[in-house]
Trainee: 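There's a structure below that I have some questions on.
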Number of protein chains: 2
Amino acid sequence: MPRNRRPQDREEKRQEIVRAAATLFTDVGYDETSTTKIATAAGVTTTTIYWYFADKDALLVAVLDHVLEAALAEAALHSQRPWADQVLWAVDRLERYRRLVTVVHARAPISESIGAWHDEFHRLVDSMMVDGFRDAGVPESDLDAMTKIGVFVVEGLLMHPQSEQDRRAVVTLLTGQTRRGSGSS
Amino acid sequence: MPRNRRPQDREEKRQEIVRAAATLFTDVGYDETSTTKIATAAGVTTTTIYWYFADKDALLVAVLDHVLEAALAEAALHSQRPWADQVLWAVDRLERYRRLVTVVHARAPISESIGAWHDEFHRLVDSMMVDGFRDAGVPESDLDAMTKIGVFVVEGLLMHPQSEQDRRAVVTLLTGQTRRGSGSS
DNA sequence: ACCTGAACACCGTTCAAGT
DNA sequence: ACCTGAACACCGTTCAAGT
């Protein structure tokens, strides 16, 4: 009984569009990637994209969810390592998504769906950061401000690539300076 | 002898285009502002813009220089105030240029002229930050990393507007925590 | 030297028409 | 339900033509 036939195929094709868009948005950029290029890469017609997604922004949200899901799954494997290493690993892992970060910042104020995704994302990152800094011994009174600084520093490191050495120095200072006597000659 | 007539007029018209573009790029956004809208606001034809500027990116660079010059002139008046206040003032003053920050980050990798402007800008900001943190008593060994954290935090505060109170908490923690016994009950 | 109107290639999106 | 070709309004930019 092929009554509800091939919901498989539909999901597969949708995934193929998301994967093609993810690659292009990440490596080339959102503004630099036309819907026609995405369609070609996914093996469909330009207009077909609009059968699966309301507009280009909706496709971007699907890409962001796709990328975030994979990154979170990987991050879970590192949750037992020292706090500084976890932050450093996150920066390493996310650096290639620099272009996605910029486009989210650029479109969040003008696209409701991207704005909502951005807010949700920061809620998630904030909650992870709070836990990390608390475990690292940051006093409760400084925890909120320290979390914000942590998020800003990670974002900054993504946007302004540094040498491995400089990156490590920044993260060490960030995660270590509130613990007494942690280096500095 | 009107041999070299009206270099005044030329500079005036150029300035008018830059001013119109500055307002629109700042309030509406770079991608959201067409060259036609800029031309209309400046009282010229679209193609006239291309007599004064090589392309839209060159106009953006002129806008960035224009805005930066004004901000630096104002900043000079505050150079004697406490370090935390100076940083807080800068965040306050620059918040309205959030859209310019995003577009510079978005276009720096793909436009050589924007990339060059971005590098130059960070050299300037870095040198100001280093002096501030050194005077505030940050040890020489942490100065480079601390400067980067400072720049990232200022950028983060620009991109993610906070309440006056939260902003102050972040900047206080940033500028104060390396000085011994500066609060936190 | 300075400015313009017409044109070019491209963009995201819509929609009537097909299966 | 799913997909398409043709068309729409708009974009940044070019260029021959005017003064």
Side-chain angles (χ1 to χ4, degrees), chain A residues 1-18 20-22 24-25 28-64 99 103-104 106-107 110-114, chain B residues 1-18 20-22 24-25 28-64 99 103-104 106-107 110-114:
Chain A
M1 65 304 232
R3 184 157 53 106
N4 199 3
R5 226 174 104 257
R6 292 183 275 156
Q8 194 90 5
D9 283 16
R10 172 172 172 79
E11 194 45 44
E12 261 172 37
K13 198 171 235 172
R14 209 193 110 102
Q15 275 289 340
E16 222 161 330
I17 296 172
V18 171
L24 289 164
F25 289 171
V28 184
Y30 179 84
D31 284 325
E32 292 73 25
T33 301
S34 67
T35 48
T36 302
K37 271 185 199 138
I38 299 165
T40 304
V44 298
T45 317
T46 307
T47 45
T48 296
I49 291 179
Y50 289 87
W51 177 257
Y52 290 90
F53 302 95
D55 52 25
K56 205 183 170 189
D57 276 333
L59 177 53
L60 175 56
V61 169
V63 166
L64 293 170
R99 284 170 199 276
V103 74
V104 166
R107 301 198 68 75
I110 55 176
S111 157
E112 205 169 324
S113 57
I114 306 290
Chain B
M1 65 301 235
R3 185 158 50 108
N4 199 3
R5 228 175 102 255
R6 291 183 275 158
Q8 193 91 5
D9 284 15
R10 172 172 172 80
E11 195 44 45
E12 261 171 36
K13 198 170 236 172
R14 209 192 109 102
Q15 275 288 340
E16 223 161 330
I17 296 172
V18 171
L24 289 164
F25 288 172
V28 184
Y30 179 84
D31 285 325
E32 292 74 24
T33 301
S34 67
T35 49
T36 302
K37 271 186 200 138
I38 300 166
T40 304
V44 298
T45 317
T46 306
T47 44
T48 297
I49 290 178
Y50 290 87
W51 178 258
Y52 291 90
F53 301 96
D55 52 25
K56 204 182 170 188
D57 276 334
L59 177 52
L60 175 56
V61 169
V63 166
L64 293 170
R99 284 170 199 279
V103 74
V104 166
R107 301 198 67 75
I110 54 175
S111 158
E112 203 170 324
S113 56
I114 307 288

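Computed from a predicted model, the values in this text were never measured in an experiment. Every chain is numbered from 1 and lettered A, B, ... according to where its sequence line falls, protein lines coming before strand lines. Reckoned from all heavy atoms, side chains included, excluding hydrogens, waters and symmetry mates.
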Trainee: Can you sort out the partners of A:Tyr30 under ring pair (Phe, Tyr, Trp, His ring centres under 6.0 Å), two or more places apart, ordered by chain and number?
Mentor: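 Residues passing ring pair (Phe, Tyr, Trp, His ring centres under 6.0 Å) with A:Tyr30: A:Phe25.
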
Trainee: Report the stems of DNA chain D as range-with-range entries sorted by first number; a stem here is at least three consecutive pairs, Watson-Crick or G-U wobble, both distances under 3.5 Å, and write none if there are none.
Mentor: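 Consecutive-pair runs (3 or more) involving DNA chain D: C:4-8 with D:12-16, C:12-16 with D:4-8.
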
Trainee: Write out all pairs satisfying salt bridge (Lys or Arg N to Asp or Glu O under 4.0 Å) with one or both partners inside residues 31-54 of chain A, taking only residues at least two apart or from two chains.
Mentor: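 For residues 31-54 of chain A, and leaving out neighbouring residues, there are no salt bridge (Lys or Arg N to Asp or Glu O under 4.0 Å) pairs at all.
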
Trainee: Using a cut-off of less than 4.0 Å, is there contact between a side-chain N or O of A:Thr48 and OP1 or OP2 of D:dC3?
Mentor: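 Answer is no, no contact under 4.0 Å.
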
Trainee: Quick one: A:Lys37 NZ to C:dA9 C1', roughly how many Å, whole number?
Mentor: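 Rounded to the whole Å, the gap is 12 Å.
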
Trainee: Restricting to pairs with a member in residues 31-64 of chain A, which pass ring pair (Phe, Tyr, Trp, His ring centres under 6.0 Å), not counting sequence neighbours?
Mentor: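 For residues 31-64 of chain A, and leaving out neighbouring residues, there are no ring pair (Phe, Tyr, Trp, His ring centres under 6.0 Å) pairs at all.
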
Trainee: To the nearest Å, give me how far apart CD1 (A:Ile49) and P (D:dG5) are.
Mentor: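 So the CD1-P distance, A:Ile49 to D:dG5, works out to 14 Å.
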
Trainee: How many whole angstroms separate atom CZ of A:Arg10 from atom P of D:dA1?
Mentor: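 Whole-Å distance recorded here is 10 Å.
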
Trainee: Please collect all salt bridge (Lys or Arg N to Asp or Glu O under 4.0 Å) contacts where either partner lies in residues 48-63 of chain A, sequence neighbours excluded, each pair once.
Mentor: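 Pairs touching residues 48-63 of chain A that pass the test: A:Asp57-A:Arg107.
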
Trainee: How close do B:Arg14 and B:Ala62 get, counting heavy atoms only, and between which atoms?
Mentor: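 That closest heavy-atom pairing would be NH2-CB, 3.9 Å.
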
Trainee: Excluding sequence neighbours, so at least two apart, what forms side-chain contact (heavy atoms from CB on, under 4.5 Å) with A:Thr46?
Mentor: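 Testing A:Thr46 for side-chain contact (heavy atoms from CB on, under 4.5 Å), a comparison that skips the adjacent residues, returns A:Thr35, A:Thr36, A:Ala39.
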
Trainee: Figure out the CG/P separation between A:Leu24 and C:dC11, and round it to whole Å.
Mentor: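 So the CG-P distance, A:Leu24 to C:dC11, works out to 12 Å.
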
Trainee: Under the side chain to side chain donor-acceptor pair (under 3.5 Å) test, which residues partner B:Ser34, sequence neighbours left out?
Mentor: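 B:Ser34: no side chain to side chain donor-acceptor pair (under 3.5 Å) contacts found.
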
Trainee: With heavy atoms under 4.0 Å as the rule, sort A:Phe53 into base, sugar-phosphate or nothing.
Mentor: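 Nothing, no heavy atom under 4.0 Å.
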
Trainee: Can you give one letter per nucleotide of nucleotides 12-19 of chain D, going 5' to 3': B for a protein heavy atom under 4.0 Å from the base, S for sugar-phosphate only, - for none?
Mentor: SBBB----

Trainee: Specify the separation, in whole Å, of atom CH2 of A:Trp51 and atom P of D:dG5.
Mentor: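 Atom CH2 in A:Trp51 sits about 17 Å away from atom P in D:dG5.
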
Trainee: Tell me, please, which residues at least two apart from A:Val104 pass side-chain contact (heavy atoms from CB on, under 4.5 Å).
Mentor: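 A:Val104 satisfies side-chain contact (heavy atoms from CB on, under 4.5 Å) with A:Leu64, A:Ile114, A:His118 only.
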
